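Residues: numbered from 1 along the sequence shown. Given the structure is predicted, the values throughout are model-derived calculations rather than measurements.
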Amino acid sequence: MTLLRRGFLRAAARLFALAAGPVALAAGPAGAAAPERVVNIYNWSDYIDPKMLDAFTRETGIRVVYDTYDTNEIVETKLLAGRSGYDIVVPSGPFLQRLIKAGAFQPLDKGKLPNLKHAWPEVTARLAAYDPGNVYAVDYMWGTTGIGVNTALVRARLGANQPLNTWDIVLRPELVAKLKDCGVTMLDSPEDIFPSVLQALGLKPDSRRVDDLDRAGDALFRIRGAVQKFHSSEYINQLANGDVCLSVGYSGDVLQARRRAREAKSDVDIAYYIPQQGALMWFDAFAIPKDAPHPAEAHAFIDFMMRPEVAAANTNFVAYASGNLAAKALVRPEILSDPGIYPDEATFRRLFTNTAYDDRTQRVVTRLWTRVRTGR
Ligand code: N2P
């Protein structure tokens, strides 16, 4: 092999390493000032007030490298491959559960997280279903998976008398067909959609029975033709711009769409519904990969996020409920009183949770989901 070629391969390997994950650039020449401190964060898109990242760096001197994703699957794939380079990831409960079992995380050093005292005990207890003993993770936000609609466009097609707070408008073929021309989207997330459809069909939302899963798959297959796109983040702008009229989506994302439409002073009016049949409630939690290059900085970041004023700023920005109880006093009243964000008692009773599938069930669900998405 020529030298030139070897040089090329080395350069390619470096490029690949860059593409594969964040790489902290060493600060200054060797022997100069202490190396720059960095934290590499991998979080959901549209899930933080960017001002909080600046505030963290200003206060601690730790630079934040911030990447985003919109599906749990990509986090799982990167973590299972190892050497992701990330110091913090924010998976949802079932993925957290599965990644903990796979040994992907390091236990949190709670001595470095004094602000854990602000955590919401009920949320922490629910998170323990995925992380027994709360060893590896701290809840960041929680929310629901429901239905976002452009009220005017949907009303014009379904009439004034059709309730909109029902999975019927997604799953009854004759209803959703009427919405096809104004645009329907669905999360590309079988772990959200299958439990929701099972619940809507009157089955156990966390069922592993192949018959049940087949029925949910069939229900989805019947309406797939009305779905313009399966995607888990584009719908925010699409709803806000009036480009689509119904999205099965995440609570805060739909409410961000409503805010964007209002800020643009358009006549688009977006509403979020937790369907009367019930909706999935999920928890997204900070966790530190076992091979995180900067665990001390990761702890500093999580602790900063747990400050009540920081947690409240994030909730005010993204319209998801915080896992931080003390933050509630600082959350804007219209957010706190919105049952789509902080569900009231009656709404809360309609919410259910799900857990990680075993490998066999996961294969069934993945196969059904591929059929729904591709039609084959
Ligand atoms: C943020 C979506 C987070 C919710 N865009 C997923 N659990």
Side-chain angles (χ1 to χ4, degrees), residues 45-46 70-71 143-201 205 215-261 264 266-280 282 319 340 365 368-376:
S45 48
D46 302 289
D70 64 3
T71 69
T144 54
T145 299
I147 305 174
V149 299
N150 178 316
T151 314
L153 295 179
V154 169
R155 280 265 167 253
R157 286 161 180 78
L158 298 185
N161 296 328
Q162 170 62 47
L164 302 182
N165 63 340
T166 166
W167 287 112
D168 287 357
I169 63 171
V170 178
L171 294 176
R172 277 182 44 197
E174 72 281 12
L175 292 182
V176 72
K178 292 187 188 160
L179 304 178
K180 186 174 174 178
D181 78 299
C182 59
V184 174
T185 75
M186 189 176 277
L187 293 171
D188 181 13
S189 174
E191 72 275 13
D192 283 276
I193 302 299
F194 271 86
S196 305
V197 173
L198 288 164
Q199 174 82 10
L201 296 175
R215 277 183 64 189
D218 287 347
L220 287 164
F221 203 77
R222 275 196 289 277
I223 58 101
R224 65 172 300 280
V227 178
Q228 183 184 95
K229 193 157 187 186
F230 294 89
H231 197 278
S232 300
S233 55
E234 288 173 2
Y235 64 96
I236 305 181
N237 279 333
Q238 289 177 310
L239 277 175
N241 297 337
D243 294 337
V244 301
C245 61
L246 184 150
S247 294
V248 177
Y250 298 124
S251 45
D253 287 8
V254 171
L255 294 160
Q256 287 179 53
R258 179 173 73 185
R259 185 186 299 164
R260 285 181 204 179
S266 73
D267 53 7
V268 171
D269 180 38
I270 304 294
Y272 176 69
Y273 292 104
I274 292 177
Q276 41 139 30
Q277 296 95 335
L280 177 70
W282 41 256
V365 168
L368 289 169
W369 187 243
T370 304
R371 249 189 91 219
V372 169
R373 284 197 37 182
T374 65
R376 287 187 296 274

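- For the atom pair OG (Ser196) and CG (Leu201), the distance works out to 10.5 Å, reported to the nearest 0.5 Å.
- Among all heavy-atom pairs drawn from Ala216 and Phe194, the shortest one is CB-CD2, 3.8 Å.
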Problem set entry | Trace of the side chain to side chain contact (heavy atoms under 4.5 Å, CB included) decision for Leu179 with Val154 | CA-CA 7 Å; Leu179 304 178; Val154 169; 4.1 Å; yes

Which side-chain N or O atoms in residues 160-168 pair as donor and acceptor under 3.5 Å with protein atoms at least two apart or in another chain?
| from | atom 1 | to | atom 2 | distance (Å) |
| --- | --- | --- | --- | --- |
| Thr166 | OG1 | Asp168 | N | 2.9 |
| Thr166 | OG1 | Gln277 | NE2 | 2.9 |
| Trp167 | NE1 | Gly278 | O | 2.9 |

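- Partners of Val176 under the side chain to side chain contact (heavy atoms under 4.5 Å, CB included) rule, at least two apart in sequence or in another chain, are Val184, Ile223, Ala226.
- Rounding to the nearest 0.5 Å gives a distance of 12.5 Å between CZ of Arg155 and SG of Cys245.
- Taken from CG in Asp70 to OG in Ser233, the straight-line distance is 3.5 Å, to the nearest 0.5 Å.
- Annotation: side chain of Phe221 is in contact with side chain of Arg371 (closest heavy-atom distance under 4.5 Å).
- Heavy-atom minimum distance, Ile274 versus Ala279: CG2-CB, 3.7 Å.
- The heavy-atom pair separating Pro190 from Pro195 by the smallest distance is O-CD, 3.7 Å.
- Here the side chains of Ile193 and Leu187 are in contact, with some heavy-atom distance below 4.5 Å.
- Residues forming a salt bridge (charged side-chain N to carboxylate O under 4.0 Å, His left out) with Lys229 (at least two apart in sequence, or on another chain): Glu234.
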Can I get a per-line list of side-chain donor-acceptor pairs under 3.5 Å for residues 246-257, giving both atom names and the distance, sequence neighbours left out?
| from | atom 1 | to | atom 2 | distance (Å) |
| --- | --- | --- | --- | --- |
| Ser247 | OG | Thr185 | OG1 | 2.8 |
| Tyr250 | OH | Asp192 | OD2 | 2.8 |
| Ser251 | OG | Thr144 | N | 3.2 |
| Ser251 | OG | Thr144 | O | 3.4 |
| Asp253 | OD1 | Tyr320 | OH | 2.6 |
| Asp253 | OD2 | Tyr235 | OH | 3.1 |
| Gln256 | NE2 | Asp46 | O | 3.1 |
| Gln256 | NE2 | Val318 | O | 3.0 |

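- Rounding to the nearest 0.5 angstrom, the gap separating the CD1 atom in Ile147 from the CD1 atom in Ile169 is 4.5 Å.
- For Asp181, the side chain to side chain contact (heavy atoms under 4.5 Å, CB included) test picks out Arg157, with sequence neighbours left out.
- Of all non-hydrogen atoms in Leu198 and Pro205, the two that sit nearest each other are CD1-O, 3.4 Å.
- With sequence neighbours excluded, the residues that form a side chain to side chain contact (heavy atoms under 4.5 Å, CB included) with Ala271 are Val149, Thr151, Tyr273.
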For this session: Walk me through it: do Gln238 and His231 pass the test side chain to side chain contact (heavy atoms under 4.5 Å, CB included)?
Result: CA-CA 11 Å; Gln238 289 177 310; His231 197 278; over 6 Å; no

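- Closest approach of Val268 to Ile270, counting heavy atoms only: CG1-CD1, 3.6 Å.
- Note: Asn241 CG to Ile236 CD1 = 11.5 Å, rounded to the nearest 0.5 Å.
- Within the model, atoms CZ of Arg222 and CZ of Arg172 stand 12.5 Å from one another, a figure rounded to the nearest 0.5 Å.
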